[in-house]
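Here's the structure, in structure tokens; my notes come after.
Residue numbering restarts at 1 for every chain, and letters A, B, ... go by the order of the sequence lines.
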Amino acid sequence: MMLGYIVKKEFTLIFRDIHALLVLFVMPTLFILIMSLALHDSYSQKMEVKFQVALLENGEEQPLAYTMLMQKLRQSGTFHFQSVKSESSLKELLYQKGYDFAVAFPADFKQRLQNDRESFRARFFARSDVSPRQMALLKGLYSTNVSKVLLEQVLGSLGVSAAENDIGDRIESRYVYKQNDKGAKPTSVQQSVPAWLVFSMFFILIPISNTFINEKRLGTIERIRSIDVSLWPILFGKFLPYFVINQIQVVLMIAVGYFLVPLLGGDRLQIAGNPLHIALMAAAVSFASICFALLIANISKTTEEATSIGGVSNIILAALGGIMVPKFVMPEFMQEVTEYSPMAWALQGFLELFTRAGGLSDIAADAGKLLLFGIISLLLSFYILQKGSR
Amino acid sequence: MSITIHALSHSYGADTPVLQGIDLRIKKGSLFGLLGPNGAGKTTLVSILNTLVKKDSGRVEVCGYDLDSQVQKVKACSGYVPQGYAFYPQLNARENLEFFAALHGLQGARMRRRIEYAIEATALEQKALQRAYTYSGGLKRRLNIAIGLLNDPRVLYLDEPTVGIDPQSRHYILEVIKKINRRKQTTIVYTSHYMEEIEYLCDEVAILDGGKVLLQSSVSELTKAGRAATLTLSGQPAQACEGVRYEKRRAYVDLSRGYDTLRRFLNLLEKERIEVLDMQSGRGDLEQFFLQVTSERLRDG
């Protein structure tokens with residue numbers, strides 16, 4: 001009965017706080033949409049926006065080998081090649097005409113390779129803000145295709161069809177999943193949904209701490225402490241509504257990934273794991289995030305303090321936890337640091353279930369760490385609250 | 001007795017004693033004023049009586065229950081109205097009352113009856129379904145008091161319940177408090193900075209300063225004792241005069257036992273050739289007495 005009224009009060013406060021609702025539901029939805037669509041190409045083999053490459057012509061006659069090479073380069077999914085007359089300066093091409101790269105090499109490259117290796121030299125120029133990785137990719141593409149053209153011509157002169165000997169056609173690649181073959185292809189939405197879901201679940205800190213600090217500031221907590229009531233139902237009564245809110249976030253964010261992102265041109269979210277396991281993982285994340293929020297609310301004196309401590313710690317935990325930058329692109333020492341962020345444990349667990357078709361044993365360690373983190377936070381908050389020291 | 005306090009002491013850390021050997025007896029059904037300048041220890045005393053702060057030493061009984069060994073019974077017979085608006089502004093009065101009533105373990109018809117009583121006693125009927133953040137200061141104060149009535153307390157602690165509201169609302173709230181006291185013989189412990197409120201409302205008063213009870217008396221005795229004349233002089237007399245207190249070039253003459261003291265003091269002034277520039281006298285009030293007892297120095301500046 002008492003618990004019912006405590007829960008009712010918390011729900012009423014949450015649903016009458018429009019800012020809290022925006023933070024909890026609208027912000028992660030927007031993040032998922034934006035990040036899924038923005039990172040769509042980086043997870044896909046097809047790129048809608050290709051790097052622009054200016055092929056500097058030098059007016060030489062174009063032999064067959066050169067034409068073949070051009071054909072192959074133009075089939076690239078990553079780069080868009082365009083021949084340009086060499087009258088423009090390099091700086092003009094790169095900084096005014098919108099090219100990312102400018103490439104110059106002799107049209108008679110085959111001749112030069114055979115007769116005069118020293119004079120064969122390809123030159124690659126890039127704008128200063130282009131990633132070295134893209135430059136390496138372009139160089140790799142060029143050298144592979146030069147080798148291919150030469151090989152085709154040699155094999156052709158021997159009467160052997162090069163098409164039949166294309167190694168690329170003989171490479172088989174596929175993803176391997178942990179438990180079955182229902183795993184999901186890695187796409188931006190597979191990374192974005194769990195990442196921003198975890199972030200939003202931890203953002204429950206803001207409304208919890210606001211409510212709690214207002215209670216302290218106005219003397220409501222003091223009044224409650226003067227009543228003959230245990231503090232456990234008060235804490236549990238706060239816990240339960242936010243737990244439900246977290247679960248609504250899980251359902252809503254999955255729905256955004258499944259229905260809304262494909263409508264806007266992104267990939268559809270695929271759920272490889274068992275829904276029950278997802279629910280268990282969501283419960284562990286929720287427990288950790290709410291208990292952490294209660295701790296921050298208890299150690300802060302003002303809402304401003306809670307918003308700063310809570311907001312900053314959430315962002316730091318997110319940055320360390322692979323929410324903002326996927327863990328696999330981090331250097332080794334950063335990946336080690338990641339292991340200490342509760343958001344990383346949460347994300348790891350969700351990725352196991354969403355993408356790798358993991359089972360209960362695969363999420364047990366991460367869920368266990370989250371529960372332990374939650375218990376420590378909860379005990380500390382209870383101690384501070386009971387002591388009434390702040 | 002409703003509250004008995006004996007040799008109560010409390011300090012925040014080793015070097016900061018807040019209450020030192022407090023002895024107080026508050027009669028059942030009385031309206032008891034707790035007066036004192038800032039930092040006198042009033043709030044700490046009320047917090048101890050409300051079981052919010054654990055005392056260092058001394059013995060306290062509330063409604064006949066020992067504060068150390070019968071905490072739950074003490075809580076059950078006490079109602080507390082803190083200085084802040086200790087409720088949820090986003091909820092309406094009825095929702096707030098339901099929540100706090102549930103914390104008191106009330107339910108069903110009993111809960112409804114207690115809520116109706118609290119609403120009626122504080123005249124919140126018209127605004128009970130309006131969210132509390134839309135209330136005026138006076139209405140908020142009334143809701144704050146209404147919540148304190150939910151467990152039908154035998155002792156109600158009101159910590160400066162009229163701070164920041166207009167005179168009409170103050171007067172209304174004082175009437176509400178009187179009504180609560182009369183209806184069920186509820187003992188009211190009332191702290192305030194407004195002397196006229198204590199004078200108007202309370203039967204008895206205790207003045208606290210520096211963590212000690214300077215005196216406990218009935219309000220009528222104190223106002224009688226507070227009868228005095230204030231003289232502004234051209235200089236400060238060299239000699240002391242019994243019943244007269246000097247404060248630079250002002251002199252406070254005690255008139256509680258008649259005009260003999262004033263006559264003796266005027267003779268002394270004539271002898272020392274000190275002129276009286278201004279003189280004010282009249283019915284003694286509590287504020288005057290309070291200032292005399294606690295001296296007029298600023299406490300938080």
How about [X] and [Y]: do any of their side-chain heavy atoms sit closer than 4.5 Å?
| X | Y | answer |
| --- | --- | --- |
| B:Leu91 | A:Lys9 | yes |
| A:Tyr5 | B:Met111 | yes |
| B:Pro89 | A:Leu218 | yes |
| A:Ile227 | B:His104 | yes |

Contact class of [X] relative to chain A, heavy atoms under 4.5 angstrom:
| X | result |
| --- | --- |
| B:Asn96 | neither |
| B:Asp159 | neither |
| B:Tyr88 | side chain |
| B:Glu95 | side chain |
| B:Val81 | both |

Structural part of A:Ile234 lying under 4.5 Å from a heavy atom of chain B: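 Contact with chain B: side chain only.
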For side chain to side chain contact (heavy atoms under 4.5 Å, CB included), just list the numbers for B:Phe99 and A:Ile224, CA-CA rounded to whole Å, side-chain angles, deciding distance to a tenth of an Å, and then say yes or no. CA-CA 10 Å; B:Phe99 169 71; A:Ile224 292 170; 4.2 Å; yes
Among [options], which residue has the highest count of heavy-atom pairs closer than 4.5 Å to chain A?
| options | result |
| --- | --- |
| B:Ala76, B:Ser78, B:Ala102 | B:Ala102 |
| B:Tyr157, B:Phe87, B:Tyr80 | B:Tyr80 |
| B:Val71, B:Ile147, B:Asn151 | B:Ile147 |

Is [X] atom [atom1] crowded by more than 12 heavy atoms from other residues, nucleotides or ligands, each under 6.0 Å away?
| X | atom1 | result |
| --- | --- | --- |
| A:Tyr258 | OH | no |
| B:Tyr12 | OH | yes |
| B:Lys184 | NZ | yes |
| B:Lys55 | NZ | yes |
| B:Lys178 | NZ | yes |
| B:Arg25 | CZ | no |
| B:Lys54 | NZ | no |

Which atom of A:Gly219 lies closest to which atom of B:Pro82, heavy atoms considered: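 A:Gly219 and B:Pro82 have their closest heavy atoms at O-CG, 4.1 Å.
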Relative to chain B, which of A:Lys8, A:Arg16, A:Met2 shows the most heavy atom pairs under 4.5 Å?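 Answer, by heavy-atom pair count under 4.5 Å with chain B: A:Arg16.
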Set out, in order, the CA-CA distance, both residues' side-chain angles and the distance that settles side chain to side chain contact (heavy atoms under 4.5 Å, CB included) for B:Leu103 and A:Asp228, then state yes or no. CA-CA 8 Å; B:Leu103 292 191; A:Asp228 182 22; over 6 Å; no
Taking the six-membered ring of B:Phe100, is the NZ or CZ of A:Arg223 close enough (under 6.0 Å from the centre) and on axis enough (within 45°)?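 So A:Arg223 does make the cation-pi contact.
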Just to verify, which of B:Val74, B:Val46, B:Leu52 counts as forming a side-chain contact (heavy atoms from CB on, under 4.5 Å) with A:Ser226?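 Output: one option passes, namely B:Leu52.
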